[in-house]
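In what follows, a single structure is set out as structure tokens and then discussed.
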Amino acid sequence: MSDQGREVVFAQAIRTALREEMKRDESVILWGQDIGVYGGVYGATTGLQREFGKERVRDAPISEMAIAGLAVGSAILGMRPVVEIMYADFLMHASDAIANQAAKWRYMSGGQFKVPAVFRSPGGGGSGYAAQHSQNIEAWFCHIPGLKVVCPCMPRDARALLKTAIRDDNPVVFLEHKSHYTHRGPMPKEEETLPLGKADVKRQGSDVTLVSWSRTLLWALEAAERLQDEEGVSVEVIDPLTLRPLDLDCILESLGKTGRLVIAHESHAFCGVGGEIIAQIAENHLDLLKAPPKRVCAVPCPLPYSEPLEKAALPDADNIAAAIRKVVG
Amino acid sequence: MSDQGREVVFAQAIRTALREEMKRDESVILWGQDIGVYGGVYGATTGLQREFGKERVRDAPISEMAIAGLAVGSAILGMRPVVEIMYADFLMHASDAIANQAAKWRYMSGGQFKVPAVFRSPGGGGSGYAAQHSQNIEAWFCHIPGLKVVCPCMPRDARALLKTAIRDDNPVVFLEHKSHYTHRGPMPKEEETLPLGKADVKRQGSDVTLVSWSRTLLWALEAAERLQDEEGVSVEVIDPLTLRPLDLDCILESLGKTGRLVIAHESHAFCGVGGEIIAQIAENHLDLLKAPPKRVCAVPCPLPYSEPLEKAALPDADNIAAAIRKVVG
Amino acid sequence: MQPERIEQLLHYYKDMLRIRYFEEKILNYMLPNKLFRGSSHLCIGQEAVAVGAIHAMEAEDYLYTTHRSHGHTLARGMDMEAAFAEIMGRTTGVCHGRGGSMHLADASLRILGANPVVGSNIPMAAGSALALKMQGKPGIVVAFFGEGALNTGACHEAFNMAALWDLPVVFICEDNQYAISVPEATAMADEDLHERAAAYGMEGLRLDGMNVLEVYEYCRASFGKTRRTGRPALLVFDTYRFVGHHTADSEQYRPKDEAIEVLREKDPVHFVEREFLEDCLVDPEKAVDIRLEIKEEVEAAFQRALNGPWPDPEKLTEGLWAESEVTCDE
Amino acid sequence: MQPERIEQLLHYYKDMLRIRYFEEKILNYMLPNKLFRGSSHLCIGQEAVAVGAIHAMEAEDYLYTTHRSHGHTLARGMDMEAAFAEIMGRTTGVCHGRGGSMHLADASLRILGANPVVGSNIPMAAGSALALKMQGKPGIVVAFFGEGALNTGACHEAFNMAALWDLPVVFICEDNQYAISVPEATAMADEDLHERAAAYGMEGLRLDGMNVLEVYEYCRASFGKTRRTGRPALLVFDTYRFVGHHTADSEQYRPKDEAIEVLREKDPVHFVEREFLEDCLVDPEKAVDIRLEIKEEVEAAFQRALNGPWPDPEKLTEGLWAESEVTCDE
Ligand SMILES: Cc1ncc(C[n+]2csc(CCOP(=O)(O)OP(=O)(O)O)c2C)c(N)n1
Ligand SMILES: Cc1ncc(C[n+]2csc(CCOP(=O)(O)OP(=O)(O)O)c2C)c(N)n1
Ligand SMILES: [Mg+2]
Ligand SMILES: [Mg+2]
């Protein structure tokens, strides 16, 4: 990537991608609850209805099954819907349309159809929305063949990946983080895209490989800085960006240097993506591991409301640093 | 367990558990599509409506959200609903009620309520029901704290575990296998229960630990026999029975002897329970592994209809034997 | 009857026979000989809805069907060999054996697919109608489903959105009185099924589904209206399935002679035959010839299908991913 | 007005004030001082529905509410300190800080919980009604939700099942005209919301929700009917929220003075005051006293709540599992 560009918040990066793709391609259309005048509860669609009209940017009823189901049907006939499910928890309502229909429609027909639909949704905790408005369920969609799953952290990546996701002819679940829309980062003026399925090394290092994504990547980077500064531990930080297809090669390459692995994510550990990465490595590259790998994930419990409890439930830089210390120790 | 008992089919074991619990406890009630006169599409409720009446055994509309949602609401007021979702694929429709409501209602209220509901559902392939009627999605529910997930294979276990699941004061997802209802096995006459969260060693062995569940356990046992007979490899076969809470100790104990691990399940590998087991072992018991572990799972693809394709997509005794050979080789 | 009308009726008659014989082949030959897997859902008794409705569609229109799809797909013109081959799981099947009986689809005929997840084709049909509308294309989308689907949340949500967004989609509910074993009255709080449309300010009609010409006329009128106004509609056709829910159904849930009686009185195929024969519109011998001809056509397609090769297990994942700059890991 | 009626009105007035002041405390003090997290959904403007409906319930009845729960829970008698403490996340909160504003629940008052997943409390309420029915217990279940919830599949499925199975549940839809920023007409294909009940042969009424006495009477009659017949019903109350959807709402979606105007004309609290004062039923000074008394009561509860201890992070998972012979791994 060339020029770093000006600082924008994450919501602005999403909005930029949507706007650019809508300008580029008439078939890109949006619907979701409160995405019109309101601009989305997190501002990711601000102004788009004004610019593109009420046909292309539609407020939807509280009907997640239909929001997602209509997306599938319109994609089959060549539209590129990008629908927003207001909270990732409610992807459960939409899960038949996404995981049973979108993911399988092409295959079941013997390859006759394409389903270029994008399902955007914010998950995540950290701001007191409690157990039913804070879940990270990327693992559910990663489990289903036929879906691509993207989980960006940096605004620049989010914009570039969302553009690719929209252009992709396969269904993509694009997961954002509700406490992260105001996170700032540079984003170049000129358009750019990133391929799905390629990880990015966010920080070079030689002692440990730390894999992290979505908002937790921030804590991962913080932990890495701190360990470098305070303890001289050199941490390489990898952001997979796309969780499925997963760029294992990038992780393996790093592991070839470090031999040590920590994975940090906010979603639950049990049957999560961190466990999958560890399992793939244990199965096929066990010799690369100089020490047992470690996961840092949410405590297995519905996310509580109260601040001290929520803090205790979620990973942070401290937990991650502690895990790294164990792995290098 | 004492007397082996007479041979019954799996459906009969389920039916026995339901019948015994309904006789024992008036609060046990059933609903689901076609469970009344029809006795369930796989015969697991045959005769129960005749015996217990139309109030306690109800045919339900094609309304999975409400089937599951009513179960949660009735359980909160002290009933013990055991609802049937006709195919596990449609658990997706019910997933808000199960994973967002049942799993969390107690915790979110600070422990005020109990949700003793059981969600029964048959998943699995092998009989040509194709991509939307064959999925195994135990991993989804295992991922959610607050749920217990049971996946039995042997009729005797199924009966004993379903009885415990019904008596459990927490929500339980009880997954059966559609191609397995006619599988025969011994079941004692006298009532018996098994605790949730305890695995069972189905076959003793000393060279490899093979973990498997649901119908795939049959292929695992077949592979184990064959390897013993033909190649003198001694395989210990473990059935976790409950996937969450997972009885890792049982697996570790076996691994302490064998140092080698193969996990076989019909569900997809990516973010599946097999990966979780490997990850837990890699994190905390890496030293036990004398060789890289291996998973044998469905090929990552929606399940095709055609027989040769479906066979190629699913694990069988050959795949499992091959994986074991690699691990001991 | 005018000659064109007789021609039309003959044409529908042939289509209905084709469906009937196709399914009788499944029931009487393929089932005992284990030539298909899973289950196959026959529409014997419901052919008039399929044929009448499908013929009221234009070439530019699209359709979605359900687990009970043979009538709709064959009436729309699906190649019988490809349909048989799909049900047998052959690579010559219309979905190359990936889908089977529950997933027949044919893009070239604008059959967007059979969806056996009850209710899930309803929002998809609304979405496809939205695509047509936004693309400024002519044409409507027709979604078929059973009365049981009216109880799904997906149906309700999609009805509201289709009516709200003025989508050119017609919902055709084939009320065959049962959802597997569950009679309508056991599953629906109210028996006036077409009234469910009223909740969304949508036109809802309840119609006889046993007379193919009437079905055609009703649909022609309704589709035309949707074409003109862009508004959705719900048509509930009263019909009946004479055979089990699927090929493994023991049917102990309905009186033993209920089906036989309805069959005697209302079989939509015999209905056409009576019109022909009683009114002497068609020479009885010609009618026999037609039946023979269609039977042979079905048999020939079946035999060709039987010769279709099995899919290559090496190509298991073929058709999963649409090409994009990056495809998946596996 | 009869003395009992005046007493009754006074009682409701106090409850409405309690809710109003409770929420004003959230809006005007807790919000700027960051004393709660996430979002809090106020029912300012909707108090008449909450108070009228809740008072029409018997002690034996149960209720479910939504993200907008303060009115229902306080009117039912939830301890204000415990409610405040919950919203502040203290261990003295009614859910020990696990739930927060969106999850108020109090088993002792038969408040089975607030469910902020729109529509999901509707099947749960039907399920609880089924439990009562099967246990032969008296009592009904009342489920509150907004008009936006009528568009959920869960609502539709549960309405059908409640009507089909004759469940003693009353569905109270508070139509405040918006679902967050989305006006009713943008989300509902038909504006006669109560008509949705007709699709299930269920009684559906549309009623004014701004006059607390009327709300009480309507609910009293409807609950009584459900109690007698065991049949469900849908009551749609026209109301309005004077403040944002939640405490972070910029409200740019509605005309700037719409709320002010409705407020001036229809504020349910002022409405009661006018009845009192204009008809000289209550001495104006006494009215002032009442307001002061309630304000102090709210303030005192708030102060006590502020002193509540924070939950112990060590006890994070407490309350997750109900004791059974085996609990979970973690
Ligand atoms: C969501 C869902 N739930 C349950 C089923 C199982 N199932 C298959 S067909 C059927 C009955 C469908 O009845 P109806 O809609 O009336 O169609 P018909 O079979 O009568 O044509 C059911 C319950 C399913 N396929 N999808
Ligand atoms: C299933 C679901 N979808 C979306 C949301 C986000 N959301 C929270 S409140 C709300 C609007 C609810 O409107 P309404 O039902 O009218 O109740 P009101 O807020 O007006 O009281 C929405 C869309 C949600 N909580 N649940
Ligand atoms: Mg039917
Ligand atoms: Mg509202």
*asked:* Using every non-hydrogen atom in the two residues, find where D/L320 and A/P300 come nearest and quote the distance to one decimal.
replied: CD2-O, 3.7 Å
*Taking the side chain as every heavy atom from C-beta outward, state whether D/V117 and A/M92 have any atom pair closer than 4.5 Å.*
no
*asked:* To the nearest 0.5 Å, what is the distance between OG1 on D/T152 and CE on A/M65?
replied: 10.5 Å
*Do A/Q132 and D/N115 come within less than 4.5 Å of each other through their side chains, counting heavy atoms only?*
yes
*Check whether D/L316 gets within reach of chain A through its side chain, its backbone, both or neither, counting any heavy atom under 4.5 Å.*
both
*chain A contacts, top residue of D/T186, D/T91, D/I87, D/L150 (heavy-atom pairs, under 4.5 Å)*: D/I87
*Highest number of heavy-atom pairs under 4.5 Å with chain A: which of D/K315, D/E314, D/M102?*
D/M102
*With sequence neighbours excluded, what pairs up with D/R254 under the side chain to side chain donor-acceptor pair (under 3.5 Å) test?*
D/Y240, D/E251
*Please round to the nearest 0.5 Å and tell me the distance separating atom OH of A/Y38 and atom NE2 of D/H245.*
7.0 Å
*Side-chain contact test, heavy atoms from C-beta onward, threshold under 4.5 Å: evaluate it for D/Q252 versus A/V37 and give yes or no.*
yes
*Looking at D/S250, D/G119, D/G100, D/A154, which one has more heavy-atom pairs under 4.5 Å with chain A than the rest?*
D/G100
*Considering heavy atoms only, which positions within residues 187-196 of chain D lie below 4.5 Å of chain A?*
D/A187
_D/S120, part contacting chain A, at a heavy-atom distance under 4.5 Å_ = side chain
*For the side chain of A/S306 and the backbone of D/G89, is there at least one donor-acceptor N/O pair under 3.5 Å apart?*
yes
*Do D/P116 and A/H133 touch side chain to side chain, with heavy atoms closer than 4.5 Å?*
yes
*asked:* With a 4.5 angstrom heavy-atom cut-off, is it the side chain or the backbone of D/H246 that approaches chain A, or both, or neither?
replied: side chain
*asked:* Between A/L309 and D/R98, is there a side-chain heavy-atom distance shorter than 4.5 Å?
replied: yes
*If you look at every heavy atom in A/Y129 and D/S39, which pair is closest and at what distance?*
CE2-OG, 3.7 Å
*Closest approach of A/A130 to D/G99 (non-hydrogen atoms, all atoms of both residues)*: CB-O, 3.6 Å
*With only heavy atoms counted, which part of D/D312 is less than 4.5 Å from chain A, the side chain, the backbone, both or neither?*
backbone
*Derivation of the side-chain hydrogen bond (donor to acceptor under 3.5 Å, both in side chains) call for A/D34 and D/S181*: CA-CA 6 Å; A/D34 305 281; D/S181 74; 2.6 Å; yes
*Of all of A/E310, A/K311, A/E64, which one pairs up most often with chain D through heavy atoms under 4.5 Å apart?*
A/E310
*Toward chain D, the part of A/S63 with a non-hydrogen atom under 4.5 Å*: both
*Do D/R37 and A/E307 have side chains that get closer than 4.5 Å, going by heavy atoms?*
yes
*What are the two closest non-hydrogen atoms of A/P308 and D/W310, and how far apart are they?*
CD-CE3, 3.7 Å
